[in-house]
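Just so you know, these numbers use all the heavy atoms, side chains as well, and skip hydrogens, waters and symmetry mates.
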Amino acid sequence: MLGLAYIYSDQTFDPVEIDLLSRFANLASLVLENARLMAAERRRADELDVLRETMTDISTELDQARLLKVVVERAVTLLGAAGGRLAIYDEIQGDLEVVVSHHLEEHSIGQRIALGEGVLGQVAQMQLPLTISDDQWQSDRFVDTDNETLRSGLAAPLLVGSQLVGAICVMNRQAARHPNLNDLRLLNMFASQAAIALENARLYTKSQQRRQYFRDLVLINPVAIAITDLEHQVTTCNPSFEALFGYTRDEVIGHNLQSLIATESMVAEAMSTLPLPLDRPVRMISQRRRKDGSIIDVEVYTIAQIVDGEQSSILTLYHDITELARARREAEQASRAKSQFLANMSHELRTPLNAIIGYAEILLESVDDMTTEELASDLGKIQAAGRHLHNLIRDVLDLSKIEAGKMDLAYEAFDLISVAFDVISTIQPLVDQNHNQLEARFAQDEIPMVSDETKVRQVLFNLLSNACKFTDHGTITLDVLEKTTQEQELVIIRVCDTGVGMTAEQVGRIFQSLPRPMPQQRVSTEERAWAWSSRASSVR
């Protein structure tokens, strides 16, 4: 029933007039209903326009603090309420925290509300909107700090899908202003859109914080960092990059990274790692060029930065390992020196040992036929070779000499001619082995000398044994003489042989490090002769 139409007259209405009045009443009811519906639709359209404008305004706001305040103010205005509150859900604590209170008591900001407690806690727990009348507001279920002045209100959860973001409520102080279902529908529509805007602002704030954290991390990182696009053009770099490579930030941005800090060979090495794997960084030990042209050793990490499953940029880290690489090279050099030392000593130890074994075999074979003098002579040679071997072993056991890559000299006075005779006696079995003849030519009977006697013996042993090994049915000559100049007195020791000899190119390399042939590599007799000569010259 929409209303009542009353018509009076001093005459009685006949049936036709009554039928006309009934038809008019039906038409009038249709007109009134249409007008009511049009007014309702117009009001709903106006509300939607206001809601649309409101949501457009708040959706452009990304500052979370300002947006929270704007959401409550717009909700209060939209519903014609006296004030409102908004609380955000804390996933870690599992409760709500009041963050905005508009035209209500400000001391409620920061208040923690458990799910199911009060107006906001009820709608957050049920995830449904509520209307609260005057008598409900005064009940214990909806106890509020303003319960003596508030008369009615509306509350709705802030949801993004099924995810709880928070809760909002608007309140009235006039008893006559009771919310209806249309108000509840309007607030619920507003709340759903406001929740999306709040979540977007939260995510934007979080992403900004992460970006700022990443920027700060790059800026203060002691490792040099450069970020490039997919064409390897530098988009940014950190101060450590500037310090390491000597470029300013303006000098590198927009330029190809590899063209700035790499040579052609370095660029080829870097490009060999492309395309970059998306799931892990690429690591390499390499070298790079500084602005001044100097080369530094670096440990390089290249990382693909992924956005929506696709590579968007490249982050490259350079860790200066120049000192580490230098220490490694020195360690490798020390290791090579040790290996060479042991290789040299292996040869040097075998030479006197062969003499000991050779003379011992001679004694065993002819001990019955030898005179005391001959026996004493050969035993003396064995003793001399044994002492020399003992001194060599003593040096091998001195690890400090190996680590230092050199041997210290123990200076003492001795007769060089006597040492030469001892070496000739020791080396004689090697001379006889290839049917050679050894000629010794001394300028005088004695040549006093101050040096390391053991090392002088080593040099003579090495040179003579080398000549014996690479001479067959030939002659080996040892010359020992003195030479006096205006500045100093010199001793010259010269070993000549009629063996294979060395080329001019090999002579030029005689004081270089001893080469180590690869497995299965064939070495010529001349190369082996040079190798043995290098060993003879390595004692210094």
Side-chain angles (χ1 to χ4, degrees), residues 54-55 57-58 61-134 136-160 162-173 179 183-184 186-206 209:
T54 299
M55 298 316 303
D57 290 342
I58 66 175
E61 180 61 69
L62 292 176
D63 183 272
Q64 192 173 15
R66 287 198 300 266
L67 179 61
L68 289 168
K69 184 177 180 181
V70 169
V71 165
V72 177
E73 291 175 352
R74 292 302 178 91
V76 169
T77 302
L78 185 66
L79 275 301
R85 285 199 183 100
L86 188 147
I88 293 295
Y89 179 63
D90 187 336
E91 292 184 358
I92 298 177
Q93 298 292 334
D95 60 7
L96 299 167
E97 179 184 2
V98 178
V99 292
V100 178
S101 183
H102 180 62
H103 290 168
L104 297 175
E105 293 181 358
E106 295 292 334
H107 63 74
S108 62
I109 295 177
Q111 178 184 357
R112 310 294 298 199
I113 302 174
L115 296 182
E117 176 185 306
V119 177
L120 297 174
Q122 284 286 330
V123 296
Q125 184 180 57
M126 295 185 300
Q127 297 192 2
L128 294 172
L130 287 175
T131 60
I132 304 98
S133 61
D134 184 28
Q136 290 176 317
W137 198 269
Q138 301 301 326
S139 69
D140 292 339
R141 182 184 177 193
F142 299 108
V143 170
D144 191 274
T145 55
D146 294 274
N147 60 349
E148 293 184 358
T149 59
L150 298 176
R151 293 292 177 264
S152 63
L154 294 167
L158 299 172
L159 298 170
V160 177
S162 60
Q163 178 185 350
L164 178 64
V165 176
I168 186 171
C169 65
V170 294
M171 307 167 189
N172 294 303
R173 291 188 174 90
D183 293 333
L184 188 63
L186 191 60
L187 178 62
N188 199 41
M189 292 174 59
F190 175 84
S192 63
Q193 297 300 313
I196 296 174
L198 288 173
E199 183 64 8
N200 289 340
R202 185 187 70 82
L203 294 175
Y204 175 79
T205 301
K206 189 174 182 179
Q209 291 172 345

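Rounded to the nearest 0.5 angstrom, Leu96 CG and Ile88 CD1 are separated by 8.5 Å. The distance from the CD atom of Glu117 to the CD atom of Gln125 is 11.0 Å, given to the nearest 0.5 Å. How far CG of Leu68 is from NE2 of His102: 14.0 Å, rounded to the nearest 0.5 Å. For the atom pair Leu104 CG and Arg85 CZ, the distance stands at 5.0 Å (nearest 0.5 Å).
In terms of heavy atoms, Pro157 sits closest to Ala191 at O-CB, 3.6 Å. Scanning both residues, Ala167 and Val123, for their nearest heavy atoms gives CB-CG2, 3.7 Å. Of all heavy-atom pairs between Ser108 and Val98, the closest is O-CB, 3.4 Å. Ala81 approaches Val170 most closely through the heavy-atom pair CB-CB, 3.8 Å.
The side-chain heavy atoms of Leu154 and Leu186, taken from C-beta on, include no pair separated by under 4.5 Å. Put simply, the side chain of Leu130 does not reach to within 4.5 Å of the side chain of Val119, judged on heavy atoms. With contacts defined as side-chain heavy-atom distances shorter than 4.5 Å, the pair Leu158/Tyr89 does not qualify.
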> Leu198 and Leu86: side chain to side chain contact (heavy atoms under 4.5 Å, CB included), yes or no, with the steps?
Replying inline: CA-CA 11 Å; Leu198 288 173; Leu86 188 147; 4.2 Å; yes

> Going through the checks in order, is the side chain to side chain contact (heavy atoms under 4.5 Å, CB included) test met by Arg74 and Phe190?
Replying inline: CA-CA 9 Å; Arg74 292 302 178 91; Phe190 175 84; 4.1 Å; yes

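Here the rule is side-chain contact (heavy atoms from CB on, under 4.5 Å) with Val100, and of Val72, Val70, Ile168, Leu67 only Val72 fits it.
Applying the side-chain contact (heavy atoms from CB on, under 4.5 Å) criterion to Ile109, with sequence neighbours excluded, gives Ser101, Glu106. Applying the salt bridge (charged side-chain N to carboxylate O under 4.0 Å, His left out) test to Glu199 and every residue at least two apart in sequence or in another chain returns Arg202. Residues that satisfy the side-chain contact (heavy atoms from CB on, under 4.5 Å) test with Asp90, not counting sequence neighbours, are Ile92, Gln93, Asp95, Arg112.
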